[in-house]
Amino acid sequence: MLKVDKETFKKDYEEKFIEIHGKDLSDGTDYNKYEALASLTRDYVVKMWISTNKNYNFTGEKQVYYFSMEFLLGRLLGNALLNLGIRDVCKEALSDFNIDLNKLEALEQDQGLGNGGLGRLAACFLDSMASLNIPGHGCGIRYKYGFFEQKIINGMQIETQDDWLKNNNVWEIKKPDKAQIVKFGGQVNTISENGNLKFVHTGYEAVLAVPYDVPIIGYENNIVNNLRLWSAEPLYDEFDFSSFSRGEYLKALEYKNSVEAISQVLYPDDSVYEGKRLRLKQQYFFVSAGIQSIIRHFKVYGKAPLNDLDEKIAIHINDTHPTLAIPELMRILMDEEGYGWDEAWRITTNTMSYTNHTILSEALEKWPIDMFKKLLPRIYMIIEEINRRFCEELWNKYIGQWDKISKMAIIADGYVKMAHLAIVGSHSVNGVAKLHTEILKKQEMKDFYYFYPNKFNNKTNGITHRRWLIKANPQLTTLIKDTIGDSFIKHPTDMEAFERYASDKEVQQRLHEIKISNKKRFAEYLKEKQDISINPDSLFDVQVKRIHAYKRQILNCLRIMELYRKLIENPNLDIVPKTFIFAGKAAPGYHLAKKTIELINAVANKINNDPRVNEKIKVVFVENYKVSVAELIVPAADLSEQISTTTKEASGTSNMKFMMNGAVTIATLDGANIEIRDEVGDDNIIIFGLTEREVLDYYHKGGYSAWDMVNRDYRIKQVTEDTINGFYCSDKERFRAIYENLVTYNDEFFVLKDFDSYLKAQERADNLYKNFPKWQSMCAVNIAHSGIFSSDRTIQEYATGIWGSGYLYKNL
Ligand code: 26W
């Protein structure tokens, strides 16, 4: 743990300020002050970073590399100070200068290099690996533009670019000496040399991959791991444009532009997979650079011959996006290091492991063979050979069963199927919650499970309690410390002891006050950002996540519409005053998701301007949802909406964040909601909706009729018609697509089927909330049982069960 006292800190800070700004602290802007603080913090970190690295090189300990297209880190300063153990000292020191630490922290741009759950999970994992002394590093892309910024104009989502690097990023260090060359296109010729086949790659386009390293700081343990993000640059830094003839000049520019496009922007889609060549290029780009740099480093510091690589290195692929790591490692081992196929394959499969994050078939990646072959000729050859050998094995086991073999093949129907390659080329395949893993085994990946039963395992997701509890909710953290001590910080499951206080009157009162204070904090943010006032004494009913049909924001919206109708009919209806809070981004090309945002805003507009109901309900759509906004919303929530169609949400992680902050969950039995229910018990969660069995039966046997729902239930008829009868919008066609989807096209996510059950569940929530001691005790039980959902638990399971790394593993 870093030792800095207040006076030293003050001195360091003032000196740093003068050094980087060339003026006195008293003359600085707030942003100047933020920059000086971040830069000083980085100085503190750098020394530990170097020593951590030296130590890893010295001990030769097994290193884990987490490959991911996305790392959704959010802001770094606050958590850096927290993990260094100097946040309190820093706060006090700054207040001596009349500077508010929270205010400076809020000036930092979010590092938003991810779409949602998958990217945020990667960020939580890095935090946990560093905090658990696991030598684990991230590998990804340094997108020039992160996930787009969302503006709501006339109720509609408008996307603008996220120029997060415009103010210079203090957290990264460029390492030009560690750059790698990545090759695209060209031809591969096979020649025979002394009886061995050699593969000669010519005519390719070379791209320079330049790494930027970001420190990942462990919690009070002097560990700083590395997140390496790759940026694409033309191989020749500076073109001598003047000496070029006109034609060459244009060609050079073309090359420069096509190279820079690779790390230009994050694909803002996590729902429908599109076979875009640029995305395939991005994938190979960072994977090739990453693997090359691992091998280069290993050869210098590895303390073992290359054929022991699998004992010294674990590479994890986060969904199928980095799957090309498998053929890329094969290529390097065979073409550059001279290994034969069998040994290269043994090393590769023992090194690689893969996590699946979705069963939505439209999100599964597959690349057209023609495109693939042209862009990555040598990698394609290797995949062909992997496929040939795999199909041979299948053939030996399933003689004559061509259907099965072609269903399981890696290359089939004109495509390269990435999930198949990931399963075949890894020693471990895991799902992200118990139900999800069971569905993979029983349904989606059934054939593979029968073929490789030992590869499949579950690792239920988690979230870092350091960001999502200690940092985001300091008052609740203090309350927990005051009651049960602070051991939960290092051992989050120790929070179970907090359950003893669930019925304690004083604790209940404090829980309530803390919630109110967090609600006020969020209300102030909303007032400032969107000029919307909300009432902290109302129940905050929150659904924040990507907008997607399977997550069913529409279901939530329809029941608000139903409640509104009821209130107009009976203004004296006795309900808990509520603020319905929505936030989330829609993929720019996802029409229905964008319409969903519009509908929510139209409903908000109507309800919020109706004086008959104003005192009772209000609807808000919070603009530009991102990690830093989540940190304000999550601690302010009373009710957490986790209402996906059962079987569709692989795990969900906001469900865990909310429970840890003492919200009660209203949920379907989907993803990790089931495990939350198992932890807190049926009395402390509100469950509704179709079961897994019922959903799967509908899918397999049919029998669902949305029309029946409309005709049988007048409330359903009313709310669906309200989307197209001009009640919310004079343009009756505006929400027709939503109506058609729900009714005419027999909505595949069963919104109407679950409507009645959802309404009843909401009524239960209302009654529970009216009972103050009962509600507070539910909140307390949720907090007490949230420790198991710390990503520390998840990472310990990965380390011992998959990677064979870290302290726990070594002491097994
Ligand atoms: C279109 C390409 C694409 C497809 C899927 C990009 C990104 C994805 C991701 C796998 C989507 C995603 O973020 N999945 C979420 O992963 C979380 C972490 O495991 C889970 O908690 C969520 O349930 C799951 O939806």
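As the structure lists them, so they are numbered: ligands from 1, and atoms in each ligand from 1.
- Using modelled atom types and a 3.5 Å distance limit, the side chains of Ser640 and Gln642 yield a donor-acceptor pair.
- For the residue pair Tyr625 and Gly584, the shortest heavy atom distance occurs at CB-N, 3.6 Å.
- Per-residue contacts place Ala363 under 4.0 angstrom from the following atoms of ligand 1 (heavy atoms of the residue considered): 4 (C).
- Relative ring orientation between Phe286 and Phe67 is described as tilted, the plane-to-plane angle lying within the 30° to 60° band.
- The nearest non-hydrogen atom to atom 19 (O) of ligand 1, considering only Arg279, His357, Lys648, Glu649, comes from His357.
- With distances taken over non-hydrogen atoms, the option nearest atom 5 (C) of ligand 1 out of Thr355, Val432, Asp270, Thr460 is Asp270.
- Remark: minimum distance from atom 10 (C) of ligand 1 to any protein heavy atom is reached at Asp319 OD1, 3.4 Å.
- Between Tyr590 and His548, the ring planes are perpendicular. Angles over 60° get that label, and only those under 30° would be called parallel.
- Ligand-side atoms of ligand 1 in range of Tyr273: 1 (C), range being under 4.0 angstrom from any heavy atom.
- Proximity annotation for atom 20 (C) of ligand 1: of Gly117, Gly652, Ser654, Gly652 comes nearest, heavy atoms only.
- Summarising the contacts of atom 13 (O) of ligand 1 with Leu118, Asp269, Val272, the nearest heavy atom is found in Leu118.
- Here is the list of ligand 1 atoms found below 4.0 Å of a heavy atom in Ala650: 23 (O).
- Between the side chains of His436 and Asn356, a donor-acceptor pair is found at a separation under 3.5 Å.
- Remark: ligand 1 and Tyr550 share an N or O pair separated by less than 3.5 Å (distance only, no angle test).
- Using bins of under 30°, 30° to 60° and over 60° for the plane-to-plane angle, the ring pair Tyr699/Phe750 lands in the tilted bin.
- With a heavy-atom cut-off of 4.0 Å, His321 touches ligand 1 through its side chain alone.
- Between His137 and Tyr65, the ring planes are tilted. Angles from 30° to 60° get that label.
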